Amino acid sequence: MSVPVSVEPSPEQPQRRRGLQTLRTQAAAVPRAWLPGAVGYACLLIGLVDIASAVFPKLRHTKVHTFAGQLPGGTTTLAAAGTLMIGLLLVLLAHALRRRKRRAWRVVCVLLPVGAALHLLRWHQLGPAVISMVLFVVMLVHRREFYAKADPRTRWRAVVNLVVLGAVGVLIGLLIVSTRTKYELGDPGLDQRLEHVLYGLFGFEGPVHYNSDRMADLVGYLLGAMGLITAFTTTYLALRPEKPKPELTAEDEVRVRALLERHGERDSLGYFALRRDKSVLFSPTGKAAISYRVVSGVMLASGDPVGDVEAWPGAIKVFMAEAREHAWVPAVMGCSEVGGEVWTREAGLDALELGDEAIVDTASFSLAGRAMRNVRQMVKRIERNGYSCQVRRVSELGWEERQRIADAAARWRGTDTERGFSMALGRFGEPGDDACVVVTAHKAPEEGESGDDLKAVLHFVPWGEDGISLELMRRDRAADPGLNELLIVAALQAVPAMGVRRVSLNFAMFRSALARGERIGAGPVLRAWRGLLVFLSRWFQIESLYKFNAKFQPEWEPRFLVFPNTRDLPRIGFAAMQAEAFITLGMPRFGRKPRRQELQPAGARPEVTEAA
């Protein structure tokens, strides 16, 4: 397949390069990398003190409290409610400050002086007000530290905000009501206090009554303040414009395909750069590209950069500049050893061996020999049960058959969410993917039964001109065990006729630890690590994938995780599990309709179809 496309830099690229160079210069001129974290934690502490001083009455009494009567009662009551609101906002914005977000810096610079004034108005000691103003001055002096742009966002942030702040409001409200029992009339129970809190969050009077109008007003204002903050922040998040989701544009797809045409044999994961839910950055010369997605503040790339190895450093510099511009944590999943060396050298990152990729040489693959005895017996047993396989290029499939396979794969998925990010394409049978290889297993329905004869499917994407990489493995849950082995053996035996000599199978996480841990002489630490991996295999198929791949006697190629600091690993791991859809934060299952892949008609993306 050839794609007649020029990869010359676009007219906008020089301007973008100048902008990125300016950004790098600004970032290099900022010497205090620790300061945003310190400011964020100070903001969090001030917010918690504000909340505590508003919730607990004793914290408001000071030496000058006796002079409070000089001001109207409503003044200090409103000040208490305002302090609570500012405290909640400071707590919410503390994390964004630690991530250098410019918009959070602007809001906090307004909140701190107002909070200090409210502390003085409520006749507190000068301590909290002075601390707030000191932090305010520090933020103004070091304003260049807070340069990061906002993250991609969706409407789900509003839903999460409503649920979390609503729950926090109820808990704080119960504290407010429960710490003022000596002012209550009667002896209300927990259910009445909870009802009072819920009414108060919406601005209504509840069933709990107080012996002082001033206390009743104070409780009402505090509860109303939390309800107002919840409503305001949720409305803001719901109505603010969404930032574009990660998307591989048609122009970018053409350029990436051109790079794969020239250099696609370097990395078995290169074709997955064509996922449509990834963004892509190109090197200044246009000879290399990195695809990525931002998840929970992590700029997550996968595999090696696509394109000429000599241009990888340029693409990596653009990638790191983009991460600094938004204060994202840069990370790479599943890069090769060569890719890991380039990333660590050019970006100053660290690397951790993540697992191994199973690669089979089709020329040397055979079912003969003792080592392949179990696979050989299983394949023969499945064939005797009436199963047969077809191995074809996607270009050989008609449009109806493509849709039939896509529907069956979605039906067998077992979850509503399509999993995969680093080693999955996320689509099947679309124009431009005609070079992919599909292996299907068939079994005619038995007499008296009805249904489709399609029982399982494997989908491989191109890996240069002489390789393919496994992208999808699905089967009917009612089919006989061993069907996956039959499919892989059929593929390995048939693809040499298509000019394929390398087949990349599943990725086995922590394979070396599992292999070394079961050997004689393994130490206690290695055995304990292997035991933990076996335990986790109940949910993540770590050991089962390793043992399944090992059946085919592959060569093992290590894959690495590249990351900035050890303290970032939990955050990167959480983002990676979100990207791979092991953790989903969307609507619950009962609120979603089953997704069905609708294949694009031929010519829907004319830029990515094969040239004549």
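All values below were derived from every heavy atom in this structure, side-chain atoms included, with hydrogens, water molecules and symmetry-related copies excluded. This structure is a prediction, so every number in the text was calculated from the model and none was measured.
Here CG of L300 is found 13.5 Å from CZ of F563. Values are rounded to the nearest 0.5 Å.
For F510, the ring-ring contact (aromatic ring centres under 6.0 Å, His included) criterion is met by W529, not counting sequence neighbours. Remark: F552 pairs with F548 by the ring-ring contact (aromatic ring centres under 6.0 Å, His included) rule, at least two apart or across chains. With sequence neighbours left out, the side chain to side chain contact (heavy atoms under 4.5 Å, CB included) criterion links A424 to R275, E471.
A salt bridge links D356 to R511: one of the charged nitrogens lies within less than 4.0 Å of a carboxylate oxygen. Under the 4.0 Å criterion applied to side-chain N and carboxylate O atoms, R392 and E401 are assigned as salt-bridge partners. A salt bridge does not link R255 to E251: none of the charged nitrogens lies less than 4.0 Å from a carboxylate oxygen. Ion pairing between D361 and R501 fails under the 4.0 Å rule for side-chain N and carboxylate O.
Using bins of under 30°, 30° to 60° and over 60° for the plane-to-plane angle, the ring pair H459/F428 lands in the perpendicular bin.
Ring to ring, F319 and W343 are close: their centroids are under 6.0 angstrom apart. Ring to ring, Y387 and H442 are not that close: their centroids are 6.0 angstrom or more apart.
A cation-pi geometry, defined here as NZ or CZ lying under 6.0 Å from the six-membered ring centre and within 45° of its normal, does not hold between R475 and W412. For the pair K278 and F421, the distance from NZ or CZ to the six-membered ring centre is under 6.0 Å and the angle to the ring normal is within 45 degrees.
Around CD of E310, the count of heavy atoms belonging to other residues, nucleotides or ligands within 6.0 Å does not exceed 12. Heavy atoms of other residues, nucleotides or ligands lying less than 6.0 angstrom from CD of E555 number 12 at most. In the displayed structure, E465 atom CD is contacted under 6.0 Å by at most 12 heavy atoms of other residues, nucleotides or ligands.
The closest side-chain donor-acceptor pair between Y271 and D433 falls under 3.5 angstrom. No hydrogens or angles considered: a donor-acceptor pair under 3.5 Å links the side chains of S422 and E580.
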